[in-house]
Amino acid sequence: MIRTETIIAVKDVAGSSIWYQALLGCDSGHGGDTFEVLRDADGTVVLCLHKWAAHEHPTMRNPEIPVGNGIILYIKVFDLDKIWDNAGKMEVNIEEEPHYNNNSGKMQFTLRDPDRYYLIISAM
């Protein structure tokens, strides 16, 4: 098996952690102000959050460079309706409401996270 554990740089690790937990129903596997590991109910890593410039990672040094160019966080979920309901209870920037994607053959919606990363939430 091959699995990626995506790490994104964020301004506020704790705040972004709360935001993702509220949206996706995941939980904290690490916690803290510089690094967070978000996990699903099975303990699988969903996403890692890293504070800008907290360590010497070359691509996470300058928060003034616009984030997200060339990146789509494509998140597949079992219960798209629940995640959409969660998004409706939050202050989120919706890019596209739920719709059928002919390419994937799945329902999906698109939004931006607090750091303006582009997220596609897709049904499994």
Side-chain angles (χ1 to χ4, degrees):
M1 174 190 321
I2 297 174
R3 178 177 300 144
T4 63
E5 294 183 0
T6 303
I7 303 171
I8 59 172
V10 298
K11 293 177 184 168
D12 176 4
V13 171
S16 289
S17 175
I18 291 167
W19 188 89
Y20 276 99
Q21 288 180 61
L23 178 69
L24 300 175
C26 54
D27 67 3
S28 170
H30 186 278
D33 294 329
T34 59
F35 189 73
E36 171 67 286
V37 176
L38 298 171
R39 304 174 305 186
D40 67 9
D42 295 331
T44 302
V45 174
V46 174
L47 184 66
C48 299
L49 309 172
H50 193 290
K51 184 163 182 66
W52 278 107
H55 301 106
E56 294 301 316
H57 302 302
T59 59
M60 295 182 170
R61 288 185 184 153
N62 187 353
E64 300 307 315
I65 296 171
V67 300
N69 186 33
I71 296 173
I72 295 173
L73 296 174
Y74 186 76
I75 301 171
K76 295 178 81 172
V77 299
F78 286 112
D79 192 349
L80 186 73
D81 292 335
K82 170 127 178 67
I83 306 302
W84 176 248
D85 288 343
N86 291 348
K89 297 172 187 170
M90 302 166 61
E91 290 184 30
V92 294
N93 182 353
I94 301 294
E95 296 277 333
E96 292 181 294
E97 294 194 5
H99 64 280
Y100 182 79
N101 180 315
N102 287 323
N103 293 325
S104 68
K106 306 289 183 182
M107 292 294 294
Q108 69 180 42
F109 65 93
T110 308
L111 52 87
R112 298 278 184 159
D113 83 350
D115 287 273
R116 306 270 312 135
Y117 285 101
Y118 191 80
L119 282 71
I120 296 175
I121 312 295
S122 173
M124 286 281 197

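Along the sequence shown, residues carry numbers from 1.
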Taking atom CG of N62 as the centre, does the number of heavy atoms from other residues, nucleotides or ligands within less than 6.0 Å exceed 12?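 Correct, the count exceeds 12.
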Atom OH of Y100 with >12 non-hydrogen neighbours under 6.0 angstrom: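 Result for OH/Y100: enclosed.
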Give the minimum heavy-atom separation between [X] and [Y], together with the two atoms involved.
X: C48; Y: V37; value: SG-CG2, 4.2 Å
X: S17; Y: E36; value: OG-OE2, 2.8 Å
X: G32; Y: V13; value: O-CG1, 3.4 Å
X: L38; Y: S28; value: CD2-CA, 4.4 Å

Less than 4.5 Å apart, side chain to side chain, heavy atoms only: is that true for [X] and [Y]?
X: Y20; Y: V10; answer: no
X: L80; Y: Q108; answer: no
X: I8; Y: L49; answer: yes
X: W84; Y: I121; answer: no
X: M90; Y: L23; answer: yes

Same cluster (ILVMFWY, side-chain, under 4.5 Å), F109 and I72: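 F109 and I72: separate clusters.
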State yes or no: do I71 and W52 share one hydrophobic cluster built from I, L, V, M, F, W and Y residues joined by side-chain heavy-atom distances below 4.5 Å, directly or via other members?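 Yes; W52 is reachable from I71 via cluster members.
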Just to verify, what does D27 make a salt bridge (Lys or Arg N to Asp or Glu O under 4.0 Å) with, not counting sequence neighbours?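 D27 satisfies salt bridge (Lys or Arg N to Asp or Glu O under 4.0 Å) with R39 once adjacent residues are dropped.
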Just by modelled atom types, is the D42 backbone N or O under 3.5 Å from a matching donor or acceptor in the D40 side chain?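 A pair under 3.5 Å: yes.
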Looking at K106 and M124, would you say the former's side chain and the latter's main chain have a donor-acceptor pair under 3.5 Å?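 It does hold such a pair.
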Can you measure from CD1 (I65) to OG1 (T59) and round to the nearest 0.5 angstrom?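 Rounded to the nearest 0.5 Å, the CD1-OG1 separation comes out at 9.5 Å.
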Nearest 0.5 angstrom please: I7 CD1 to F35 CZ, how far?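 Reported value, rounded in 0.5 Å steps: 4.5 Å.
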Could you list all the salt bridge (charged side-chain N to carboxylate O under 4.0 Å, His left out) pairs where at least one residue sits in residues 82-103, not counting sequence neighbours?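 Of all non-adjacent pairs touching residues 82-103, those that pass salt bridge (charged side-chain N to carboxylate O under 4.0 Å, His left out) are E95-R112.
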Per the side-chain hydrogen bond (donor to acceptor under 3.5 Å, both in side chains) rule, what does the pair list look like for residues 1-16, sequence neighbours excluded?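 The answer is S16-D115.
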What residue among D79, I75, D81 forms side chain to side chain contact (heavy atoms under 4.5 Å, CB included) with V77?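 The single option meeting the side chain to side chain contact (heavy atoms under 4.5 Å, CB included) with V77 is I75.
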